[in-house]
Amino acid sequence: MDQRVLMKGNEAIAEAVIQAGCLHFFGYPITPQNEINAYMSKRLPRLGGTYLQAESEIAAVNMLYGAAAAGIRAVTSSSSPGISLKTEGISYMCGADLPGLIINVQRGGPGLGTIQPSQADYFQATKAPGHGDLKILVYAPNTVQEMVDVVFTAFDLSDKYRVPAMLLADGILGQMMEPVQFPDQKPDIPAKPWATNGTKGERAPNIINSLYLVATELEDKVRERFVRYGEIEANHSQAENYLTDDADVLLVAYGASSRVAKRAINAARNQGIKAGMLRPVTLWPFPKKQLEAAAKNAASILTVEMSMGQMVEDVRLALPDRKVQFYGRTGGVIPTPEEILEQIKALGGGVK
Amino acid sequence: MAVVYEKTTGLTDRPLHYCPGCTHGTIHKIVAEAVVELGLQEKTAAVAPVGCSVLAYNYFNMDAVQAAHGRAPAVATGIKRALPDNIVFTYQGDGDLAAIGTAEIVHAASRGENITVIFVNNAIYGMTGGQMAPTTMPGQVTQTSPYGRDTGAAGYPMRVCELLSTLDGVAFAERVAVDTVPNIRKAKKAILKAFQNQVDKKGFSIVEILSTCPTNWGLTPVESLGYLKEKLMPYYPLGVYKDAEKGVRV
Ligand SMILES: Cc1ncc(C[n+]2csc(CCOP(=O)(O)OP(=O)(O)O)c2C)c(N)n1
Ligand code: SF4
């Protein structure tokens, strides 16, 4: 039976979080993600959970740190300026090996920027979501359905590897209405024997901590974490191939800009240009293998982003011998399919 | 022979790293004793701050979480909301609680978060080598107030118990000291009450403890106890500032 319901992106994220077994939300209002807070404040108290409007994003992420230490699934949500404040807590979560979900419904920056959608937090999410040697899982869905799906994967892998996860959406995806279906299986949350939920007289005390005063001890700890990062990179990168098999012009785009890119690709195909797209769903781990395969037979490569060019650096790193073009709009401006089509046409006759 | 005194099981056997004469050790001892005496050890999580007591997670013989500088009340909130029947306390210095963590402590108090806060006021930043704290006395010489705290430029010391006691979410706020045996007894009584309140789900309880920092005050341990009594106590009067049960609000 089709059990799809029409939902706004932000509300679908919130419902998916609840269905993934997470009943504790710590937030602070900021546009364009307020529907998440509103939805959680309506639902969670009735489910015996916690909706807590913190005094700041810093407090909210540290509440997430505490709740994660206690061994439960928990979440915080914000948009770009608030995520900057959360970087402290994200770093501590990484340093203490705590799982948890951070939602960023991006808006344009820097500074207060704009409330219009943007993809300018790619660097922050994938390279430096906090100080220190660290990584977090980063999911960048491009439909309301996929936002729901990645919430489940993000929690599962975050718990499995004890690495925080981020859902990187933007104002377009958050505000968009689309039909979604929720999986009807119960969440399978692993036991957390490391949690500080009281010894109950049955075990030695657990300690959640990121401080290592001996340099070699910290080095060992970070190296151990990087082994886990390596496992994640080897096994959990995700990407979608759209008409890449015979593509002469390969676009690389994620999230909202990949939706626009898709329309430009369809228009190009109508005009006889074989265009296609590799769409990363995980930004970290970056789907290098999938990109290499998709780029093999393409004559030209074009990265499209709603920024001045951030993911394009990872595309170039993955394809060191190829010329990678970039097209982007920033500041909250959404590129049009026509603009992207022009770019594709300019490359259409391109030689490899 | 009858045993008249035993080290509390609330502390591990690790030797404390505090400087000679520092009263952090005494405070650890009475906090641990209180947790054990109330039978809470097996369901308690201690939240350690950033400051000299950052390693408190090694000393309290119970689950422990190390928090970012000033964020202990937020971390404790997260734990408490996840596990409302468990016991959570923060152990924080004055830089941690009254400077960088001012928003977190005020809002945890204002929400009436059902946690216990042990606030160690030694009027200085100990761990980083003795800089001026929000609680540093007017005229007090520190590394960053080398001519003495100039209230014209650096403002006035912050009285945390007085400040927080105006908030309706606060169930209990008392200032104590650990300079003499009778005062240590009183301090322990206050700490017991602050934990019992949490068991009884009464809301936010804070015990502010005047403490010494001989190393950074540049005094001997004995002189430090004198400084605490003569200089700190008049500015930071001991006593109960709020006891919702008794309707006390000073
Ligand atoms: C974000 C951040 N800022 C600054 C520091 C450096 N720092 C470590 S301890 C400390 C002061 C602690 O003083 P206090 O809370 O009074 O505790 P005490 O050491 O006196 O017990 C500071 C500023 C830090 N660790 N993190
Ligand atoms: S520096 Fe001061 S507060 Fe820190 S341990 Fe030494 S005496 Fe105690």
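Below, each value reflects all heavy atoms present in this structure, side chains not excepted, and no hydrogens, waters or symmetry copies. As the structure is a computational prediction, the values presented were derived from the model and not from experiment. Chain identifiers are assigned alphabetically (A, B, ...) following the order of the sequence lines, protein sequences preceding nucleic acid strands; residue numbering begins at 1 within each chain.
Using a 4.5 Å cut-off between non-hydrogen atoms, no part of residues 9-16 of chain B approaches chain A. For residues 100-115 of chain B, a heavy-atom distance under 4.5 Å to chain A picks out B:A103, B:E104, B:H107, B:R111, B:E113, given by residue number.
Within the 4.5 angstrom heavy-atom criterion, only backbone atoms of B:A67 (N, CA, C, O) approach chain A. Only the side chain of B:N86 comes within less than 4.5 Å of a heavy atom of chain A; its backbone N, CA, C and O stay farther away. With a 4.5 angstrom heavy-atom cutoff, A:A69 touches chain B only via side-chain atoms. Within the 4.5 angstrom heavy-atom criterion, no atom of A:L64 approaches chain B. B:L55 touches chain A through its side chain: at least one heavy atom from C-beta onward sits under 4.5 Å away, while N, CA, C and O do not. Both the backbone and the side chain of B:A68 come within contact range of chain A, with heavy atoms under 4.5 Å apart. If you measure heavy-atom distances from A:A195 to chain B, the contacts under 4.5 Å come from the backbone alone.
Summarising the local packing, NZ of B:K189 is surrounded by 12 or fewer heavy atoms from other residues, nucleotides or ligands at distances under 6.0 Å. The 12-atom threshold is not exceeded at NZ of A:K42, counting heavy atoms of other residues, nucleotides or ligands nearer than 6.0 Å. Enclosure of atom OH in A:Y28 is not indicated, since only 12 or fewer non-hydrogen atoms of other residues, nucleotides or ligands lie within 6.0 angstrom. Within a 6.0 Å radius of OH in B:Y156, no more than 12 heavy atoms belonging to other residues, nucleotides or ligands are found. In A:K186, the NZ atom is not crowded: 12 or fewer heavy atoms of neighbouring residues, nucleotides or ligands sit closer than 6.0 Å. Within a 6.0 Å sphere centred on CD1 of A:I115, heavy atoms belonging to other residues, nucleotides or ligands number 12 at most. The 12-atom threshold is exceeded at CG of A:D220, counting heavy atoms of other residues, nucleotides or ligands nearer than 6.0 Å.
We find the CD-OG1 distance between B:Q41 and A:T199 to be 7.0 Å, quoted to the nearest 0.5 Å. Once rounded to the nearest 0.5 Å, the distance linking NZ of B:K80 with CE of A:M63 reads 14.5 Å. Taking CG from A:N197 and CG from B:D85, the interatomic distance works out to 12.5 Å, rounded to the nearest 0.5 Å. Atom CG of A:N209 and atom CG of B:N58 lie 7.5 Å apart (nearest 0.5 Å).
You'll find the side chain of B:Y57 reaches within 4.5 Å of the side chain of A:L211, heavy atoms only. Using a 4.5 Å heavy-atom cutoff, the side chains of B:R81 and A:L23 are not in contact. B:T77 is not listed as a side-chain neighbour of A:N62, based on a closest heavy-atom distance of 4.5 Å or more.
Of the possible polar contacts, one joining the B:D63 side chain to the A:N206 backbone as a donor-acceptor pair under 3.5 Å is found.
Closest approach of B:I79 and A:G66 over heavy atoms only: CG1-O, 3.3 Å. Here the closest heavy-atom approach between residue B:A82 and residue A:A70 is recorded as CB-CB, 3.7 Å. Minimum interatomic distance between A:Y92 and B:Q66 (heavy atoms only, all atoms of both residues): CE2-OE1, 4.0 Å.
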